Structure formats: C-alpha cells, structure tokens
Colleague: 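Sending over a structure as structure tokens; questions will come in a sec.
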There are 2 protein chains.
Amino acid sequence: MSGRKQFPSMTALQVLLAVGERGSTSAAAEPLALSQSAVSKQLIGLEDLIGGPAFQRTPNGMVPTELGAIYIEHARTAIKAMEDAALKVARLKPGPRVLRLQVPPIFGDRWLLPRFVQFTEAHPEIEVQFTTFVSKTQTEIPDGNVRFLVAPAPDEEGTYLFGNDIRLVSAASYWEKLGNPATVEAAARGVMLEHPQTPFHWPFLVQANGLHGLEVRHTMRFGYYTMVIRAALAGQGMALIPQGLIVDELAAGRLVNPKGLGYRSDHGYWFTKPANIPPSESMRLFEQWLHAEASMVKD
Amino acid sequence: MSGRKQFPSMTALQVLLAVGERGSTSAAAEPLALSQSAVSKQLIGLEDLIGGPAFQRTPNGMVPTELGAIYIEHARTAIKAMEDAALKVARLKPGPRVLRLQVPPIFGDRWLLPRFVQFTEAHPEIEVQFTTFVSKTQTEIPDGNVRFLVAPAPDEEGTYLFGNDIRLVSAASYWEKLGNPATVEAAARGVMLEHPQTPFHWPFLVQANGLHGLEVRHTMRFGYYTMVIRAALAGQGMALIPQGLIVDELAAGRLVNPKGLGYRSDHGYWFTKPANIPPSESMRLFEQWLHAEASMVKD
DNA sequence: GCTCGCTAGTCGTTTTTGGCATACCCCAAT
DNA sequence: ATTGGGGTATGCCAAAAACGACTAGCGAGC
C-alpha cells in the first residue's frame, strides 16, 4: 500500500530456527550450509530489524528471549507456508508421488540423512521433502513420520525401526574424570545431560537396573535433544542415547559406553503413516529401503 | 537439515500479491515503491523458482494460474505471519497502543493513505500498521476495520464514514463514444465494469432508477475492485463507484458523471471495531481524526 | 500507420551476502 | 599464570543480487 514492508529474509528466518534448535551460531552453521560468520551476521541483521536481541548469549548457549520466541513461532509459520506451497505444487504434477516426511531433527541429522544419498541414487526420480517441525498452520499432511513412541496410535500404521537400546554414554575424557565408573551407582557421581521432553531420563536407567531412589549428582537440561548430544561429545556430562544414533561416535571413541551401561526402553523410533491410505509406489520403495537400513541397526 | 531451502524472497512474495491484486506489473509497481522493471524481474525470478508461470499474461491483465493461486494463498500466510510477529512485539512495548487497521485496498489507496500523512504529522508517537488482507492463519486481531457494509454486526461498534452515494462514471472519452447518454437507458449501450464481490452492479442502478429488466450491453468482470477503477479510467467502460473515492478524478475530469447518474446504496464504508473493548488513547485519537475527515465527504 | 499501455531484457550502479581471517571473551585444565 | 578449546562478532573483499533507466517488441484501438 505504501511501499514494501521490510521483513526478515527467508535465510534469516531459517537462521533463527536453526540457532534456536542448535544453541549456537557455529552449530547452526553446518545444517544451513553457511559459515559461522554468515550465521552471526544474519542473526545480528535480524535482531536489528526486529528491534532487539532474539537470544541471550549465555555460557550454555543461545537462549531465546521473549522477542525471539515470538519470532521463532511466526518464522515457523512462514517457512511452513513456503514448504506447503512447494509440496502442494509438487503433488499436482504427474509422475511419482512426492513424499513429505516429518522427521525429528536428531534422527534426520544422525541417521537418516547420512544414509539418504543411497536412496536418492537408487531412485533419482523420487522427490522427497523433509520437514523437521510441525506448525499449527500447516496445510499439507506429511506422507510419513518418524517418531519416538511406544507404539503407533490405532489410526495409523507403523513399523519399528530401532531405538529400544538406550546407552549411558559420555566422552572418554569425562568418563575417566568420573573415575571410570563400572556401575550405575558409581556413575551417579556425574552430571546428567537431559532434554526434558524426551523419554531418556536418569530414573529410567536406575529402575531398569533394579535400583531405587538413586539420584544423579546434577542434571543439566537443554531445550533440544541435539544439544544434549553435543554437550556429551564436548565432555560436559553423560547422556542416555539410543545406540543406533551414535554408532559412529562409539566406534570412533568420541563417545564411550563402558560396561554397556544402559537399559531397554519401551520407546523406539517408528515410521508411521495414516492408516487406510493405499501406499504410492514412491512410498513403497522408500519404506522398503528404510526398513532394510533399520534392520542393520540390530537393536 | 541439509542446507537452506530456497524460498521466494519476501519482496517476491509481496510482488506476487500486488500483481495479483493490481493486475499488472506496472500497476503493482507504485504501491511497492519499485519500478515496473524491478517488479517484472521479481515476478520472473519467482516463476523460475516455483517452476512455472504464476500468471497468464492476457490482454485483460495478469490472471493467476493454478500454480499462482497456490502461491498467492501461501504468500498471504507467510506475509501475515511476519506482520503478526511485528505487531505482537509492538504491542508488548510500553507506550501508545500500536494500531492495526484492516483496510480494503481501494479504500486505503484512494482515500485513507492520501490523507493519512496528516494524522501522522499530528500524532508522530502513534504507530499504525495497515493490512489489506485477511489470512486464515493470522494470530493478531486488528484494532479496527474499514468495511463496505449495510451496517455493523451486533457484536461490534461502528460508525459510518461514507459510500452510500454511488455514481455511474467513465472516462470522458468513453462517455462521448457512447453518444453522451443522458439517462440510464441510453447508458445501457455501454460496457459495464464490475467486480463480482462488491455490491456495485448494474441491476441496482436500474432498480434505483425505477426501471425494470434493463440489461447492459456487456459486462466485464475483474478479480479486484482496484482493477475496475483502472479500467474505467482507461476508457474501457463504465463503473459504479462510491463518489467519495473518486472526488479528485471527477474534479480533474479524468472521470465523468454527467447528469449525476447513480443511486443511493444501502451499503457504505463503516469503521468497525469489536464491542466492549475500552478504546486506547491511540484509537480515540485516530477515530476522532477519521470521522473529521469522513465528514468532509458530504454524501 | 501511429499511439498507448504493457512485458521483458540490457546495461550500469549500488547494495547485499557470504567466506576468510582475526580479535576478543569465557571456561576448564595444567 | 598460561594454554587450549569453543564461542561471538567484526573487518575486508569478492561475488551475487537488486534496482532503475532505457529500450525493443507486442497487442489493441484509432
């Protein structure tokens, strides 16, 4: 009406979400395919535009301010709208069904995406769109979801992938600093790294090992589970992690799990989709591939 | 997860909406404060990105394709999300209440915005955010609306601005081409320019002049009312327009209304707001100014 | 044919973006 | 106290993007 309104750019919005999720500009840089410097500049530009800091810079990482939280929510809406538009258009085209898959960030980062290039090579004609978050305003329903569940709901179909095998892990240096505890009791001297909204908590480990009321010395909580793993790798404490997500780190010694301390969770990663929908050929092929890959986890 | 996704820029989205509303890149250029060339390039860039034409280029202007319609809808969601974020943040700040006003594009363009600089000068401390469209996903409720109504709903408060006085107008050249009709019957030889979703249609004119069943030779329909006025100015036909919106064009002779042909509509522009909400000082001052301005229309 | 309104393209200029390198900060370990 | 590691922000520079002025070409109307 009277000139363009100045809004944050799409890159800035993606930066905002990634920094919120990863906890630092340097950690956000990789999934954005940007340098830390570019991420920092985008964030500062956004903060100039919106009139204040989106994050508090703390020793524990970037913590969203109230202002930041407002913009994060609306950034999700805007980004999801663009994702939905692209998906809706892709779904109108003839040819193989475009797949939209809703995937938790950590599962995508650590397990699916590193393997996904194989699927792409085998099926270059199949377009897959990943999305890592849900928005209240989304208009396009995903074809499939990966979720960490006990079991799928009655109105969906699901197959178990992996995830029951939960390991208590830390960096080798941290474990050594704890005096190389050989039991859960001994490990209780450590700092537990947790994400409140995942089902990986110290009391489950305690219970599963036939102990009662054993408290861990300290618990440090993070807003995203990806940050839990980063903190464990950085030697800040111990974390409970599905073994399948950290196979490489365990093999490389970046994380250790002496004595195989851990427990068997009733939760696991499941691939779910709405029931009673005939699967497209694209979906059939993807599921076939996904299950073959998951069967190699052996948990 | 694997790099930034490439989405249309905020400028491109605003261009998409403006071209859809105005019907051409040249008409969209002014409210965007861009040149026609820049608008064209943004549109072509967007079309490259989304994989096809957003508009069909027709002699009657740009007509949205199916692809374009999908993106228009989602562009509204994204833009509105950004507007809502900015408004929500502004509403958290101390100081005068930020006003969000929902205004039809044509009312804003032709009447409110040209006058609004006066309000701004008188009250520089009051921030007003205009929005021209509604989105299903919006989260922030406007403080006030301008709408073309018979009367406000029971759950709102409203004051009449102007708009009952509807005039049959055209460019002088067009009226001359029709043989300078002095009556509604004679004018029926012409082409009627209409927007289906406004209450300004030829049969109302006929009825209000005590005639029955008199058909106009041809009706040309446009997707937006702003395009109706542009077509009338361009000599493409006759239009029924609230007199208050075209005072300057009538005075300058760019539009003519010989013999004062027209009718009195039961619809008019009303300024409405939710009832039972104590008005802020900002709103009180705005309403005061708005009513003073509207009283000068004298219809 | 001419005029007008329109779209899209070229060219030159300006602005923006992103990476490299680096200064600075904080914390933990030695 | 020093060192190392992880982090943020900034300067410099090159590349990319954005924009306006100008213009070619098209279609419609006269």
Side-chain angles (χ1 to χ4, degrees), chain A residues 3-4 6-15 18-19 22-30 32-49 53-63 171 173-174 176-178 191 220 227 230-237 254, chain B residues 3-4 6-15 18-19 22-30 32-49 53-63 171 173-174 176-178 191 220 227 230-237 254:
Chain A
R4 275 157 296 145
Q6 200 178 5
F7 296 126
S9 69
M10 289 291 172
T11 296
L13 296 180
Q14 287 175 81
V15 162
V19 171
R22 308 278 167 151
S24 71
T25 57
S26 39
E30 195 261 331
L32 292 167
L34 290 173
S35 66
Q36 176 274 329
S37 164
V39 172
S40 178
K41 284 171 194 171
Q42 284 283 346
L43 185 53
I44 287 161
L46 173 74
E47 289 173 327
D48 286 345
L49 182 61
F55 297 99
Q56 255 182 322
R57 277 73 165 169
T58 76
N60 287 339
M62 299 274 203
V63 177
S173 56
Y174 186 79
E176 201 172 318
K177 198 168 75 168
L178 274 195
V191 173
M220 199 182 306
M227 290 199 255
R230 276 176 54 92
L233 282 163
Q236 290 179 36
R254 292 199 293 280
Chain B
R4 275 157 296 147
Q6 199 178 5
F7 296 128
S9 68
M10 289 290 171
T11 296
L13 296 180
Q14 288 175 83
V15 161
V19 170
R22 309 274 166 155
S24 71
T25 57
S26 38
E30 195 261 330
L32 292 168
L34 289 173
S35 66
Q36 177 274 328
S37 166
V39 172
S40 177
K41 282 176 217 172
Q42 283 283 343
L43 185 53
I44 287 162
L46 173 74
E47 289 174 327
D48 286 345
L49 181 60
F55 297 99
Q56 256 181 324
R57 277 74 166 167
T58 76
N60 287 338
M62 299 274 204
V63 177
S173 57
Y174 187 79
E176 202 171 318
K177 198 170 75 171
L178 274 196
V191 173
M220 198 181 306
M227 290 199 256
R230 275 175 56 90
L233 282 162
Q236 289 178 35
R254 293 199 292 278

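Just so you know, these numbers come straight off a predicted model, no measurement behind them. Chain identifiers are assigned alphabetically (A, B, ...) following the order of the sequence lines, protein sequences preceding nucleic acid strands; residue numbering begins at 1 within each chain.
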Colleague: Atom CD of A:Gln14 and atom P of C:dG18: how far apart are they, to the nearest Å?
Modeller: 11 Å
Colleague: Within this structure, what is the CE-to-C1' distance between B:Met62 and C:dA8, rounded to whole angstrom?
Modeller: 10 Å
Colleague: Which part of the nucleic acid does B:Ser24 contact within heavy-atom distance under 4.0 Å: base, sugar-phosphate only, or nothing?
Modeller: sugar-phosphate
Colleague: Is the phosphate of C:dG5, meaning OP1 or OP2, less than 4.0 Å from a side-chain N or O of B:Arg57?
Modeller: no
Colleague: Does B:Gln36 put a side-chain nitrogen or oxygen below 4.0 Å from OP1 or OP2 of D:dA21?
Modeller: no
Colleague: Please state how far atom CD in A:Gln236 lies from atom C1' in C:dA29, giving the value in whole angstrom units.
Modeller: 15 Å
Colleague: Compute whether any side-chain donor of one residue and acceptor of the other, for B:Thr25 and B:Gln36, lie under 3.5 angstrom apart.
Modeller: yes
Colleague: Do B:Ser9 and B:Gln14 have side-chain heavy atoms sitting under 4.5 Å apart?
Modeller: no
Colleague: To the nearest Å, give me how far apart CG (B:Leu233) and P (C:dG5) are.
Modeller: 11 Å
Colleague: Give the rounded distance in Å between these two atoms: CE of B:Met227 and P of C:dC6.
Modeller: 12 Å
Colleague: D:dG7, OP1 or OP2 - any side-chain N/O from A:Ser26 closer than 4.0 Å?
Modeller: yes
Colleague: DNA chain C: A:Gln42 or A:Lys177, which has the more 5' nearest nucleotide?
Modeller: A:Gln42
Colleague: Strictly below 4.0 Å: does B:Arg230 bring a side-chain N or O up to OP1 or OP2 of C:dC6?
Modeller: yes
Colleague: Atom CZ of A:Phe55 to atom P of D:dT8: distance rounded to whole Å?
Modeller: 11 Å
Colleague: Regarding B:Thr25, tell me which of base, sugar-phosphate or nothing describes its non-hydrogen contacts under 4.0 Å with the strands shown.
Modeller: sugar-phosphate
Colleague: Is a donor-acceptor contact shorter than 3.5 angstrom present between the side chain of B:Lys41 and the base of D:dG20?
Modeller: yes
Colleague: So, does B:Arg4 get its side chain near the phosphate of C:dG18, meaning an N or O under 4.0 Å from OP1 or OP2?
Modeller: yes
Colleague: Are B:Val19 and B:Phe55 packed together at the side-chain level, in the sense that at least one heavy-atom pair is separated by less than 4.5 angstrom?
Modeller: yes
Colleague: Using the rule given for side chain to side chain contact (heavy atoms under 4.5 Å, CB included), can you reason through B:Leu13 versus A:Phe7, listing the C-alpha separation, both sets of side-chain angles and the distance that settles it, and then say yes or no?
Modeller: CA-CA 11 Å; B:Leu13 296 180; A:Phe7 296 126; over 6 Å; no
Colleague: C:dC27 C1' sits how many Å from A:Met220 CE, rounded?
Modeller: 12 Å
Colleague: Quick one: label B:Leu43 by what it contacts on the DNA or RNA (base, sugar-phosphate, nothing), any heavy atom closer than 4.0 Å.
Modeller: nothing
Colleague: Between B:Gln6 (CD) and C:dT17 (P), how many Å, whole number?
Modeller: 14 Å
